[in-house]
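Everything on this sheet refers to the single structure shown next.
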Amino acid sequence: AQRVTQPEKLLSVFKGAPVELKCNYSYSGSPELFWYVQYSRQRLQLLLRHISRESIKGFTADLNKGETSFHLKKPFAQEEDSAMYYCALNSGNTPLVFGKGTRLSVIA
Amino acid sequence: DVKVTQSSRYLVKRTGEKVFLECVQDMDHENMFWYRQDPGLGLRLIYFSYDVKMKEKGDIPEGYSVSREKKERFSLILESASTNQTSMYLCASREVGYGYTFGSGTRLTVV
């Protein structure tokens with residue numbers, strides 16, 4: 001069965017510090033991974049997907065099939081990065097499987 | 001440029017009431033989904049639909065049903081609302097091969 005694990009419920013970092021939100025997945029096939037973000041009082045929105053390999057708002061994520069991970073990283077955290085982050089797995093034409101989310105709090 | 005619209009942002013209903021949550025998308029997507037979002041539990045799939053009049057149970061379908069009479073509209077129905085169904089409900093649609101577009105959510109409180 002597919003599973004997505006985000007081990008941290010809450011991550012607090014200081015402004016300007018590096019950020020890494022962890023995501024591990026369990027899937028025997030070739031996965032498609034996403035990161036979604038939900039800012040306060042806003043809808044959940046796509047942050048990035050591993051296929052596009054792009055950097056959005058300074059965030060990057062690399063799919064590591066050996067470690068079955070898709071960690072989200074940013075070198076210098078900003079206060080506006082404070083939000084709820086969800087990692088999600090797509091395995092073919094099936095519904096996305098989401099992790100339980102990590103709340104990032106960036107402290108000024 | 002809102003693309004997935006949930007009809008109500010906040011709802012308060014009484015225990016035992018039948019509740020309808022409406023979701024409309026204007027992107028001609030075939031896939032539509034209903035999730036509930038609870039702190040510490042993440043997003044849990046209730047029902048989904050890959051075509052008109054088609055529906056599939058997700059991980060937590062008990063106490064819910066859905067209706068998809070038109071491609072653009074996917075309704076979630078709470079047959080007899082209970083307090084443990086107090087939650088944020090999220091609707092999403094998907095173009096096959098891409099990620100989801102979410103609605104703004106409906107925060108339902110059952111009293």
Side-chain angles (χ1 to χ4, degrees), chain A residues 1-11 21-25 30-54 56 59 61 63 70 72 83-105, chain B residues 1-10 23-25 27 29-51 54-61 66 68 74 76 87-107:
Chain A
Q2 301 102 45
R3 188 168 61 247
V4 175
T5 303
Q6 294 178 251
E8 302 135 332
K9 284 187 178 180
L10 174 65
L11 182 63
L21 299 170
K22 291 184 167 52
C23 172
N24 289 90
Y25 66 91
S30 183
E32 185 178 9
L33 276 298
F34 300 82
W35 275 100
Y36 283 83
V37 61
Q38 189 171 33
Y39 302 102
S40 180
R41 298 185 176 280
Q42 294 187 27
R43 66 182 67 201
L44 202 58
Q45 58 188 285
L46 179 65
L47 181 61
L48 53 81
R49 51 195 297 227
H50 90 270
I51 285 179
S52 60
R53 299 187 64 82
E54 53 189 348
I56 305 293
F59 284 98
L63 178 60
F70 188 56
L72 184 68
M84 193 75 181
Y85 292 81
Y86 292 95
C87 183
L89 165 69
N90 186 31
S91 55
N93 192 25
T94 58
L96 289 181
V97 175
F98 287 87
K100 293 185 177 181
T102 298
R103 181 168 297 282
L104 175 64
S105 177
Chain B
D1 65 333
V2 174
K3 299 186 187 306
V4 178
T5 303
Q6 294 185 233
S7 54
S8 303
R9 189 75 174 100
Y10 299 95
C23 175
V24 177
Q25 52 98 359
M27 296 169 288
H29 290 172
E30 296 193 352
N31 299 174
M32 296 188 74
F33 308 85
W34 275 105
Y35 288 84
R36 61 177 285 177
Q37 182 184 30
D38 299 287
L41 298 178
L43 275 70
R44 292 181 292 168
L45 181 65
I46 305 171
Y47 267 96
F48 61 101
S49 170
Y50 284 174
D51 202 352
M54 175 268 183
K55 59 185 178 183
E56 293 283 348
K57 293 180 180 179
D59 300 318
I60 52 164
V66 290
R68 191 154 183 215
F74 191 36
L76 179 69
S87 184
M88 172 68 88
Y89 289 87
L90 300 180
C91 175
S93 71
R94 175 176 71 180
E95 182 179 357
V96 175
Y98 293 86
Y100 286 9
T101 300
F102 281 91
S104 56
T106 296
R107 183 166 295 282

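Throughout, protein chains are lettered first and strands after them, A, B, ... in sequence-line order, and every chain is numbered starting at 1.
- Taking the six-membered ring for Trp and the full ring otherwise, the centers of Y36(A) and F102(B) sit less than 6.0 Å from each other.
- Going from atom CD of Q37(B) over to atom CZ of F98(A) covers 9.5 Å, rounded to the nearest 0.5 Å.
- The contact between N31(B) and chain A is made entirely by side chain atoms (from C-beta outward), counting heavy-atom distances below 4.5 Å.
- For CZ of R9(B), the number of neighbouring non-hydrogen atoms (other residues, nucleotides, ligands) closer than 6.0 Å is greater than 12.
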Problem - Criterion side chain to side chain contact (heavy atoms under 4.5 Å, CB included) on L43(B) and L96(A), from CA distance to verdict - result: CA-CA 10 Å; L43(B) 275 70; L96(A) 289 181; over 6 Å; no
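- Between chain B and the residues A88(A), G99(A), P95(A), the most heavy-atom pairs under 4.5 angstrom are made by P95(A).
- Looking at L45(B), the atoms closer than 4.5 Å to chain A (heavy atoms on both sides) all sit in the side chain, from C-beta outward.
- Between N90(A) and R94(B), the closest heavy-atom pair is OD1-NH1, 3.5 Å.
- For chain A, the nearby part of Y35(B) is the side chain; its heavy atoms alone come within less than 4.5 Å.
- The number of heavy atoms from other shown groups lying within 6.0 Å of CZ (R103(A)) does not exceed 12.
- Residue Q38(A) touches chain B through its side chain alone, counting heavy-atom pairs closer than 4.5 Å.
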